[in-house]
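Working notes for the structure below.
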Amino acid sequence: YLACGLPVLMTDVSYNAREIEKLRCGKIVDTNPKNIARAVIEIMKDDNGLKVYRNNALKYAKRFDWDKIFKDEGVRWFHTGGIYAALSEKIPELIIEAMTSAKKNGTIISYDLNYRPSLWKSTGGQKKAQEVNKEIAKYIDVMIGNEEDFTAALGFEVEGNDENLKELNLDGYKKMIREVVATYPNFKVIATTLRTVHTATMNDWSAICWADGELYKANDYERLEIMD
């Protein structure tokens with residue numbers, strides 16, 4: 001978020017939070033919803049202050065030394081996803097910069113496609129999402145996403161699926177994953193959820209994981225209640 005030039009709201013749980021507030025990149029708040037709302041309004045109402053927060057946020061984000069993080073500090077796993085990639089036109093560049101360093105230093109890279117049409121709307125829609133995600137996918141070791149994500153964000157189709165995604169075609173899922181692996185041989189693990197929709201709050205759930213050339217399927221959980 002800082003790399004997008006967005007001020008952040010944080011709870012006071014670390015030195016970084018206090019430093020970010022001190023440098024006017026964001027504000028520390030408690031978890032009371034009214035206090036969070038008040039802090040957002042306070043920032044948004046002050047145009048000059050908002051510009052200061054945005055500029056400071058961009059400056060702070062540039063302080064990250066990826067080689068230091070992955071090589072010297074020994075971070076072993078780097079995770080990000082499609083929601084972050086969609087936040088601004090510049091964020092994919094930052095993600096690839098981080099992934100390039102992670103890959104060079106032997107850090108495992110995972111990515112959750114997590115396609116959200118509303119987030120990509122302002123930066124080019126689904127066409128842009130596929131362009132960005134196809135480039136990012138070249139760096140990934142562990143790719144995560146459901147059937148809609150793989151279709152919308154990477155352009156892979158699941159054959160035989162119900163138009164409204166209410167019925168699952170397991171063979172179609174398996175074929176899709178094999179096509180994904182053939183396209184991106186750098187993927188070491190692919191995980192995708194399997195869902196049959198009964199209502200907005202009642203789904204059947206399972207999952208598939210491809211690893212080391214083998215496909216594994218999780219247990220089936222029928223009519224699982226969802227709280228969202």
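Side chains are part of it too, since the values below use all heavy atoms of this structure and drop only hydrogens, waters and symmetry mates. None of these values were measured; they are calculated from a predicted model.
A donor-acceptor distance shorter than 3.5 angstrom exists from the side chain of T107 to the backbone of V75, with no hydrogens or angles considered. A side-chain donor-acceptor contact under 3.5 Å links D149 to the backbone of N146. Judged purely by atom type and a 3.5 angstrom limit, T192 uses its side chain to pair as donor or acceptor with the backbone of G145.
Here E214 contributes atom CD and C209 contributes atom SG; the two are 11.5 Å apart, rounded to the nearest 0.5 Å. The CD1 atom of I177 lies 11.0 Å from the CD atom of E147; values are rounded to the nearest 0.5 Å. Here the NZ-OG1 distance, from K121 to T123, works out to 12.0 Å after rounding to the nearest 0.5 Å. With rounding to the nearest 0.5 angstrom, the CG atom of D171 is 13.0 Å from the CE atom of M176. Within the model, atoms CZ of R38 and CD1 of I36 stand 11.0 Å from one another, a figure rounded to the nearest 0.5 Å. Within the model, atoms CZ of F70 and CD1 of I108 stand 12.0 Å from one another, a figure rounded to the nearest 0.5 Å.
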Checklist entry - When you look at R195 and E148, which way does the salt bridge (charged side-chain N to carboxylate O under 4.0 Å, His left out) test go after all the steps? => result CA-CA 11 Å; R195 178 178 58 173; E148 296 168 272; 3.0 Å; yes
Item to check | Steps toward salt bridge (charged side-chain N to carboxylate O under 4.0 Å, His left out) verdict (D212, K188) | outcome: CA-CA 7 Å; D212 296 325; K188 297 179 178 66; over 6 Å; no
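Neither side chain, N186 nor D141, offers a donor N or O lying under 3.5 Å from an acceptor on the other. Of the N and O atoms on the side chains of S101 and D67, at least one donor lies less than 3.5 Å from an acceptor on the other residue. A donor and an acceptor atom, one from each side chain of Q126 and W120, are nowhere located under 3.5 Å apart. No hydrogens or angles considered: a donor-acceptor pair under 3.5 Å links the side chains of R116 and N114. Of the N and O atoms on the side chains of Y111 and N133, at least one donor lies less than 3.5 Å from an acceptor on the other residue. When only modelled atom types and interatomic distance are considered, D204 and H198 share a side-chain donor-acceptor pair under 3.5 Å.
For K174 and E179, the salt-bridge test fails: no basic side-chain N is under 4.0 Å from an acidic carboxylate O. In summary, R18 and E21 do not engage in a salt bridge, as defined by a charged side-chain N under 4.0 Å from a carboxylate O.
Within 6.0 Å of CD in E135 there are more than 12 heavy atoms belonging to other residues, nucleotides or ligands. Other residues, nucleotides and ligands place more than 12 heavy atoms under 6.0 Å from the NZ atom of K103. The number of heavy atoms from other shown groups lying within 6.0 Å of CZ (R76) does not exceed 12. The number of heavy atoms from other shown groups lying within 6.0 Å of CE (M202) is above 12. Within 6.0 Å of the CD atom in E225, the count of heavy atoms belonging to other residues, nucleotides or ligands does not exceed 12.
When every heavy atom of F78 is checked against every heavy atom of A98, the shortest pair comes out as CZ-CB, 3.8 Å. I95 approaches G81 most closely through the heavy-atom pair CD1-O, 4.5 Å. Taking all atoms of both residues into account, the shortest heavy-atom contact from F156 to T151 is O-OG1, 2.7 Å. Nearest heavy atom pair, residue P7 against residue R54, reads CD-CG, 4.3 Å. Scanning both residues, V142 and I140, for their nearest heavy atoms gives O-CG2, 3.2 Å.
Contact annotation: the side chain of N203 never approaches that of L224 to less than 4.5 Å [non-hydrogen atoms, C-beta and beyond].
Listed by first then second residue, pairs satisfying side chain to side chain donor-acceptor pair (under 3.5 Å) with a partner in residues 78-91 read H79-S110, not counting sequence neighbours.
Remark: F187 engages Y184 in a ring-ring contact (aromatic ring centres under 6.0 Å, His included) (not counting sequence neighbours).
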